[in-house]
Protein chains: 2
Amino acid sequence: MQRSLIKHCRNCGTAVVYRVPDDGDTRERAVCPACNTIHYENPLNVVGTVPVWGDQVLLCKRNIEPRWGKWTLPAGFMELNETTAQGAERETDEEAGAHIAMGPLFAVLNVRRVGQVHLFYRATLLSDQFNPGTETIEARLFTEAEVPWEDIAFRTVKETLEHYFADRRAGRFVLHTLDIV
Amino acid sequence: MQRSLIKHCRNCGTAVVYRVPDDGDTRERAVCPACNTIHYENPLNVVGTVPVWGDQVLLCKRNIEPRWGKWTLPAGFMELNETTAQGAERETDEEAGAHIAMGPLFAVLNVRRVGQVHLFYRATLLSDQFNPGTETIEARLFTEAEVPWEDIAFRTVKETLEHYFADRRAGRFVLHTLDIV
């Protein structure tokens, strides 16, 4: 899903030029010299869950790049026609085949370098039987002591898991907002 | 910033076809029959602030469509190379010329129908002197009783303001997550 450079106009196919539009904008955009379409590129949301079964958390072993073979919380790019929570629930179903009851928003993590905002919700598993999709090698439950900390796929997942276990030990859950630099 | 339909490939300019890609995807995307580029469209983040000066809140009278002449909290589309908080602070400067100290994330509002997620931060104004940009007719402070509730530009802004004043009356601020339907 890494986006390629905009070379041609989405409306008419003409080669674009990069310049600051004449509409008061202050940033360079890909502008079409033929039909004047301005092409914007904006950050993407990644939405996921922390699915919990008793004192265990569900992790998925990735069957796709990047980070093939590493463990992650179920998460993926938010799509049109869904809310952040609906996207998080969808990804949990697609990647783990897990049935959950959605909980509150738990972490909002900015990953500015790659133009992403990651949003994780707490969730309660309704069963400990999973049916992982093609993007997942294995879906399984881990206690805090069992979590493979050295093989977690992404910084945002590691931070979210650390905050989850810390909050659980503290006996209260709060929203965490973090910038990953 | 309403996005137009993708008709041509961003990479090579060929007319795209809409189909489900062969990579395990389940949704129709604009796919290039010449170079195989897959074009994704995802929700956009709108980031803004609730800028507070004593018991007053800063609102901006819009000088642009949609909702020209209506009042809004300073907010706009999140850009690449910034965090949600940095975008919210930038928009507050661009639209109101207001200097603020950023506070915590206060509201996350999903507007699924238009493919947007709105994130508002609380903020403390460092001065009651403003310097609105070209997108703003007027920037001014309102007490709760003075807020022009019938002339608020967007549902997300109205909801955020209502929750802000309710929390202030309650003497505690919490994160609000809402779906605008």
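A, B, ... follow the sequence lines: proteins, then strands. Residue 1 opens every chain.
Residues A/Gln86 and B/Arg112 form a side-chain contact, since some pair of their non-hydrogen atoms from C-beta on lies under 4.5 Å apart.
Surrounding CD of B/Glu150 are at most 12 heavy atoms belonging to other residues, nucleotides or ligands under 6.0 Å away. Surrounding CH2 of B/Trp149 are more than 12 heavy atoms belonging to other residues, nucleotides or ligands, all under 6.0 Å away.
Note: the hydrophobic cluster containing A/Val114 also contains A/Ile152 (ILVMFWY, side chain heavy atoms under 4.5 Å, direct or indirect links). Transitive grouping of hydrophobic side chains (ILVMFWY, heavy atoms separated by less than 4.5 Å) brings B/Val52 and B/Phe142 into a common cluster. A single hydrophobic cluster is not seen to contain both B/Ile6 and B/Val17; linkage of ILVMFWY side chains at heavy-atom distances under 4.5 Å, directly or through other members, places them apart.
Ranked by non-hydrogen atom pairs under 4.5 Å with chain A, the options B/Arg113, B/Arg27, B/Glu82 are led by B/Arg27. Interface check for chain B: of the options A/Glu79, A/Glu135, A/Glu94, the most heavy-atom pairs under 4.5 Å are formed by A/Glu79. Residue with the most contacts toward chain A among B/Cys9, B/Cys12, B/Ala30: B/Cys12 (heavy-atom pairs, distance under 4.5 Å). The choice from A/Thr37, A/Asn45, A/Thr14, A/Val16 that makes the most heavy-atom pairs within less than 4.5 Å of chain B is A/Asn45.
Between B/Asn11 and A/His8, the closest heavy-atom pair is O-CD2, 3.1 Å.
Here the options are A/Val108, A/Thr177, A/Val174, A/Leu105, the test is side-chain contact (heavy atoms from CB on, under 4.5 Å), and the partner is B/Leu175; only A/Leu105 passes. In summary, of the residues considered (B/Val117, B/Leu109, B/Asp179), a side-chain contact (heavy atoms from CB on, under 4.5 Å) with A/Thr84 occurs for B/Val117 alone.
Here the CG-CG distance, from B/Leu119 to A/Leu119, works out to 7.0 Å after rounding to the nearest 0.5 Å. To the nearest 0.5 Å, atom CG of residue B/Leu178 and atom OG1 of residue A/Thr83 are 11.5 Å apart.
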